[in-house]
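Only one structure is covered here, and it is reproduced in the block below.
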Amino acid sequence: MQPPFPVALVTGSTSGIGAAIARRLSGEGYAVILHSRSSAEAGHALAAELGPAAYIQADLAHDADRVMLVREAVALWGRLDVLVNNAGISRVIPHADFAAATPAVWQELYEINVVAPFRLVGEAESALRAAAQRGRPGCVVNISSHAGIRPKGASIPYAATKAALNHVTRLLALSLSPDIRVNAVAPGLVDTALTADWTAAQQLWRERSPMRRAASPDDIAQAVAMLVGSDYITGEILLADGGLNLT
Ligand code: NAD
């Protein structure tokens, strides 16, 4: 028998933005399936804290791991209502530095930031469609970046993968409707371990953005929860940059 609570899989959720999303959805009554590439200890500890929750380790660079992750996630409680594709990687490369932006960098970023989310949605499709039979459409939220909307970002390969993810979001919203809604949140600068020493960006957000600060992981989790809470919104890329794009 299926549990009475909805189930959400959040990739890359043992740290940073993903952990905040997992905590938020748990607080809203979801059983949360945590995931990361390597930090299993942190994953199990967070799962014990959040319960009902579980942790699955998988390297999203490998297709067999992607398939295994969704299969094990669906098997845990026999249902999957929400998939948050948060796991992602970045490389900081000056935009004019062609030598550093090698084909290997392009390929690595594309596999994790674009191919993996697409494949996870494909593997989860039937479980997410089943959510619609229970009364609410299945829901996918991809964590993109403002760098996928404006000509900005840590590197051209990173920005291009996030632009591709935004387009994949809209294409999947069309092809999977009405059973599954697909949206994205595109954060600007978020205070995480990754960006702790990005002093120029921090100064930019403090001085130029209308909200006068970078986002916290909780700010992004709140935006994700808004999209998860809808029964109607699909194909949207929600820019969460504190208004920096307006300046
Ligand atoms: P983070 O490094 O704390 O989290 C990234 C997560 O992705 C980790 O849990 C890691 O395990 C997972 N991951 C990376 N490679 C993986 C792989 N091969 N297999 C499985 N998991 C893998 O970083 P974060 O800042 O919390 O970023 C989360 C998301 O937000 C990313 O998609 C990132 O591009 C996006 N984002 C972050 C910012 C920011 O300022 N921090 C801004 C815009 C967008």
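If you're wondering where the values come from, they're calculated on a predicted model, not measured in any experiment. Ligands are counted one by one from 1 in listed order, and the atoms in each one are counted from 1 as well.
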Contact check: [X] vs ligand 1, nitrogen or oxygen atoms, below 3.5 angstrom:
X: Ser38; result: no
X: Ser36; result: no
X: Pro187; result: no
X: Tyr158; result: yes
X: Asn86; result: yes
X: Leu60; result: yes
X: Val190; result: yes

Between [X] and [Y], is any pair of side-chain heavy atoms under 4.5 Å apart?
X: Val7; Y: Leu76; answer: no
X: Pro217; Y: Val190; answer: yes
X: His146; Y: Leu189; answer: no
X: Arg136; Y: Asp81; answer: no
X: Pro6; Y: Arg79; answer: yes

Evaluate side-chain contact (heavy atoms from CB on, under 4.5 Å) for Leu128 paired with Asp179, printing each intermediate quantity in order.
CA-CA 8 Å; Leu128 291 170; Asp179 286 351; over 6 Å; no
Heavy atoms only: which of Ile143, Thr11, Leu165 lies closest to atom 35 (C) of ligand 1?
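Residue with the shortest heavy-atom distance to the ligand atom: Ile143.
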Considering Gly16, Gly188, Ser15 one by one, which has a heavy atom nearer to atom 1 (P) of ligand 1 than any of the others?
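The option holding the nearest heavy atom is Ser15.
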Inter-residue atom distance Leu227.CG - Cys139.SG, 0.5 Å rounding
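Reported value, rounded in 0.5 Å steps: 7.0 Å.
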Give me the residue, atom name and distance of the protein heavy atom closest to [atom].
atom: atom 5 (C) of ligand 1; value: Gly88 O, 3.8 Å
atom: atom 12 (C) of ligand 1; value: Ala87 CB, 3.7 Å
atom: atom 25 (O) of ligand 1; value: Thr192 OG1, 3.3 Å
atom: atom 8 (C) of ligand 1; value: Gly12 CA, 4.0 Å
atom: atom 18 (N) of ligand 1; value: Asp59 OD1, 3.0 Å
atom: atom 23 (O) of ligand 1; value: Leu194 CD2, 4.3 Å
atom: atom 26 (O) of ligand 1; value: Ile17 N, 2.9 Å
atom: atom 22 (C) of ligand 1; value: Arg37 CB, 3.9 Å

For ligand 1, is [X] a contact, meaning one of its heavy atoms is under 4.0 Å away?
X: Trp198; answer: no
X: Glu111; answer: no
X: Ala58; answer: yes
X: Ser144; answer: yes
X: His35; answer: yes

If you measure only the distance, is there a donor-acceptor pair under 3.5 Å linking the side chains of Ser36 and Tyr55?
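The criterion, which ignores hydrogens and geometry beyond distance, is satisfied for Tyr55 and Ser36.
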Distance-only donor-acceptor check, side chains Thr169 and Asn166, under 3.5 Å:
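Note: Thr169 and Asn166 side chains miss the donor-acceptor criterion.
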Counting only heavy atoms from other residues, nucleotides and ligands, does the tally under 6.0 Å from CZ of Arg71 exceed 12?
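Result for CZ/Arg71: open.
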NE2 of His95: more than 12 outside heavy atoms within 6.0 angstrom?
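For His95, atom NE2 is crowded (more than 12 foreign heavy atoms under 6.0 Å).
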Under 4.0 Å from any heavy atom of Thr195, which atoms of ligand 1 are there?
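By the 4.0 Å cutoff, the relevant atoms are 39 (C), 40 (O), 41 (N).
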Looking at Ile89, which atoms of ligand 1 are within less than 4.0 Å of one of its heavy atoms?
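The list of qualifying atoms is 14 (C), 15 (N).
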Does one hydrophobic cluster hold both Leu239 and Ile220, with members joined at side-chain heavy-atom distances below 4.5 Å?
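In one cluster with Leu239: Ile220, no.
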What about Val224 and Ile233, same hydrophobic cluster or not, with Ile/Leu/Val/Met/Phe/Trp/Tyr joined at side-chain heavy-atom distances under 4.5 Å?
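Looking at the clustering, Ile233 is in the same group as Val224.
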Applying the side-chain hydrogen bond (donor to acceptor under 3.5 Å, both in side chains) test to Asn142, which of Asn85, Asn113, Asn183 qualifies?
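Only one option passes, and that is Asn85.
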